[in-house]
Amino acid sequence: MSMPEPIHRFAAVTLFPEMFTALSDWGVTGRAREQGYWTLSLHNPRDHATDRHATVDDRPYGGGPGMVMQAPVLDRALQAAKKSLGGAGRVVALTPQGRPFSDGLARELLSDGATVLIAGRYEGMDERFVECSVDCEVSVGDFVVSGGELPAMLVIDAMVRLMPGVLGHSASAGEDSFVEGLLDCPHFTRPEDYMGRKVPEVLMSGDHGAIARWRRAQAIRRTMDRRPDMLAPDGVSEEDWQLLKEWGLD
Ligand code: 9D3
């Protein structure tokens, strides 16, 4: 069978292309790629080095620790990556200095139809490459990881989950957390008694209206306790306070 047009085409520039098999070959994202929802082409700057040691980095001007990725090899790998997408796509560099990644940015990038992701290693990339060739820098949070590969994979994963048809009916992207602006409610499955702890009565009641109200009340309570920033500046509405009162969560 021939594949339909993919919803999104990704290209990645990385010194460690094998890492991306975690995304392309496994789970929801692996199945979606097999089904033709998305494609990924990988481009290693080392393959674009010109010396016999295949050098991609050098010591920073001005001194200091670590090494910096060199602009010429990055640019040659980027040109190959762009070519693989027929010239389309925003060029996104994963850097600790970037715009915070979010559900909103995932949707924005998805609407482009194609994206080039550039994953750095070492202390960073030569700033002239970023200035000349990168459209936007993206960070995945205020913590330090060892390179841009895991952040790039995280960005792709979040985007693939948003593609219509990738998630089944039961777990549609519309029901996923953050879309509604609340954290998820707690979940329970068998056994009914675990270490003496019973499943909440309402979930065994078969009253689907009560179950929906309880789940929303739980979601609001958890968001207030764990992520009050997600409720600001409006806070909790009068109806939602009523819901919390109904379940003794106020
Ligand atoms: C002291 C300077 N460090 C910057 C915080 C150096 C440095 C550490 C780790 C430079 C790059 C990296 C590798 N990290 C990324 O490439 C990265 C990243 C991250 O570390 N945190 C959150 N988002 C991202 S996106 C890319």
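FYI, the numbering just counts along the sequence from 1. As the structure lists them, so they are numbered: ligands from 1, and atoms in each ligand from 1.
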(request) Report yes if some heavy atom in the side chain of V116 is under 4.5 Å from a heavy atom in the side chain of F10; otherwise report no. (result) no

(message) Give me the residue, atom name and distance of the protein heavy atom closest to atom 21 (N) of ligand 1.
(response) F143 O, 2.7 Å

(message) Quick one about T115 and H8 (side-chain donor to acceptor, distance below 3.5 Å, no hydrogens or angles considered), yes or no?
(response) yes

(message) Nearest non-hydrogen contact with atom 17 (C) of ligand 1 belongs to which option: G98, A93, P96?
(response) P96

(request) Going by heavy-atom distance to atom 22 (C) of ligand 1, choose the closest among G141, P100, G147, A152. (result) G141

(message) Atom NE2 of residue position H187 - does it have more than 12 heavy atoms of other residues, nucleotides or ligands inside 6.0 Å?
(response) yes

List the atom pairs, donor and acceptor, that lie under 3.5 Å between side-chain atoms in residues 64-74 and the rest of the protein, sequence neighbours left out.
none

(request) Walk me through it: do R99 and E108 pass the test salt bridge (charged side-chain N to carboxylate O under 4.0 Å, His left out)? (result) CA-CA 13 Å; R99 168 179 171 191; E108 189 182 320; 3.1 Å; yes

(request) May I ask you to check whether V144 has an N/O atom sitting below 3.5 Å from an N/O atom of ligand 1? (result) no

(message) Please confirm whether V138 approaches ligand 1 to less than 4.0 Å, judged on its heavy atoms.
(response) yes

For residues 16-27, run the donor-acceptor check on the side chains, cut-off 3.5 Å, and write out each pair with its distance to 0.1 Å, sequence neighbours left out.
from : atom 1 : to  : atom 2 : distance (Å)
T21  : OG1    : E18 : O      : 2.8
S24  : OG     : F20 : O      : 3.2

(request) To the nearest 0.5 Å, tell me how far M153 CE sits from L94 CG. (result) 11.0 Å

(request) Would you mind telling me if ligand 1 is within reach of the side chain of E123, the backbone, both or neither, using heavy atoms under 4.0 Å? (result) both

(message) If the cut-off is 4.0 Å to any non-hydrogen atom of P151, which atoms of ligand 1 fall inside it?
(response) 24 (C), 25 (S), 26 (C)

(request) With heavy atoms only and a cut-off of under 4.0 Å, state how T95 meets ligand 1: side chain, backbone, both or neither. (result) backbone

(request) Answer with side chain, backbone, both or neither: which part of S139 has a heavy atom less than 4.0 angstrom from an atom of ligand 1? (result) both

(request) Would you check if Y122 and L15 make a side-chain contact, meaning some heavy-atom pair closer than 4.5 Å? (result) yes

(request) Ignoring hydrogens, tell whether any protein atom lies closer than 4.0 Å to atom 1 (C) of ligand 1; use the non-hydrogen atoms only. (result) no

(message) Using heavy-atom distances only, which candidate in V145, V92, V140 approaches atom 14 (N) of ligand 1 most closely?
(response) V145

(request) Answer yes or no for Y122: is there a heavy-atom contact with ligand 1 below 4.0 Å? (result) yes

